[in-house]
Amino acid sequence: MTPTPEDVRRWDVEHLWHPFTQMAEYAATEPLVVARAEGHYLVDDRGRRYFDATSALWCNLFGHRVPEIDEAVREQLGRVAHSTLLGATHPAAAELARRLVEVAPAGLTRVFFSDDGATAVEAALKLAFQYRLLTRGEADAREATFLAIENAYHGDTLGAAAVGGVALFHETFRPILLRTLRVTTHDAGEVEAVLAREGGRVCGVILEPGVQAAAGMIRVPEGFLTKVARSTRRHGALLILDEVATGFGRTGAMFACQHEGVTPDLLCVAKGLTGGYLPVAATLAAETVYTPFLGGYAEYRHFFHGHTYTGNPLGCAAALATLKLLRERKLVEAVPAKSAVLREALAPLARHPHVGDIRLTGLMGGVVLLADRAANRAFAPDRRVGHRVGLAMRERGVFARPLGDVMVLMPPLTTTDDELRMLGAVLHAAVVEVLGP
Ligand SMILES: *Cc1c(COP(=O)(O)O)cnc(C)c1O
């Protein structure tokens, strides 16, 4: 028997533990039950439509039920749904590895698949450590550590959280996290100073190029990446770039590091890779990182790491269709013009007394709400201002998920100019409803 909408709502609050969610608050709020979707719109169990301004939490590039991706997944389903990459391969994984190398910064030649952004980061950290071990020996590796940036977000597994720096997400777990080094700002001089001080102990420097998304869409100053890349080379650390949020066109380039022409040693991608369809992630590596892992079997130089669903064929098929759409429709090239439309649509918000920074890079937007703009003072968290503005947007047909009091707009790359203008107007109206004119 098919569950009724009432069954679903009851079972949801009785059993389902939602991520990043205060369940007591959630249970007291009218849930959004997504029954299906059409293009850029989610349709709830009562038939109401909502523009998905979260892009399914930042991974959906072209809207939902994209005919080309649907078809690619269906075709793959007719061949095989899942088969392992441990000791075997399949056409979709091999072709996807090839296509990723083609679009990635030149020099990244090897693709290690996993499932999510966090797992792509875990693989990168462990690769960087083992690379250190293989190239410099055990005594050196025992001292090895990582350098990360304040406000970074790299995912929620323990390794990824250890290099994270969003206090609200990560401080709770600090006692059980690997100890890492952190620089407090996007100050390349500080990165250089720490690397020099540590005298080669740092085996990897990890950062989000372009935008620190989960920190509230904070823009990374231009030139920072170039300088850090130079410092990492000078001090023998690997440069690990996390493009889980920024990859696949979001910033107006395929990858944000390409704005500065920087090739990292390791590149983590996930979210947009399958067009928001299925969990496939990848850690791309330079050939120089890969070769030390080669040797006789019994030398045990190989990378002892992997996940059951790594390189899942259905996900790889979705990713191949995604890369084809990006290429054929020139959607990455279209991002700067769309970004300009969104910038204009958000401009009227700047006059609102409770609006602080309006952050926008490509199609990654964040509008900061403040109790006192002049004093740069935040609202008390118990006022739930961002949450309430989000609910007011939902009443107006837009689904958005703020980061605290930063109103996030991450529309699909295919969002039309009219829809971008609508997003600006709806956010403005919601801010006025909750905070006054
Ligand atoms: C979302 C995100 C991650 C984690 O990805 P998951 O798929 O949620 O594990 C890692 N890094 C960045 C920059 C992200 O935005």
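Start at 1 and go down the list; that is how both ligands and their atoms are numbered. Side chains are part of it too, since the values below use all heavy atoms of this structure and drop only hydrogens, waters and symmetry mates. Just so it is clear, the model here is predicted, and its values are computed rather than measured.
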Sequence neighbours excluded, the answer for ring pair (Phe, Tyr, Trp, His ring centres under 6.0 Å) partners of His186 is Phe224
Under the ring pair (Phe, Tyr, Trp, His ring centres under 6.0 Å) test, which residues partner Phe303, sequence neighbours left out? Phe112, His305
Determine whether Met217 and Val408 make a side-chain contact, defined as any pair of heavy atoms from C-beta on separated by less than 4.5 Å. yes
Taking side chain as C-beta onward, heavy atoms only, is His354 less than 4.5 Å from Val389? no
Any protein N/O atoms within less than 3.5 Å of an N/O atom in ligand 1? List the atom names and distances, or say none.
| residue | atom | partner | partner atom | Å |
| --- | --- | --- | --- | --- |
| ligand 1 | 5 (O) | Gly117 | N | 3.4 |
| ligand 1 | 7 (O) | Gly117 | N | 2.8 |
| ligand 1 | 9 (O) | Gly117 | N | 3.3 |
| ligand 1 | 9 (O) | Ala118 | N | 2.8 |
| ligand 1 | 11 (N) | Tyr153 | O | 3.4 |
| ligand 1 | 11 (N) | Asp242 | OD1 | 3.3 |
| ligand 1 | 11 (N) | Asp242 | OD2 | 2.6 |
| ligand 1 | 15 (O) | Lys271 | NZ | 2.7 |

Side chain to side chain donor-acceptor pair (under 3.5 Å) partners of residues 379-391, not counting sequence neighbours, each pair once: Glu25-Arg384
Can you name the nearest heavy-atom pair linking Lys126 to Phe304, along with the distance? NZ-O, 4.3 Å
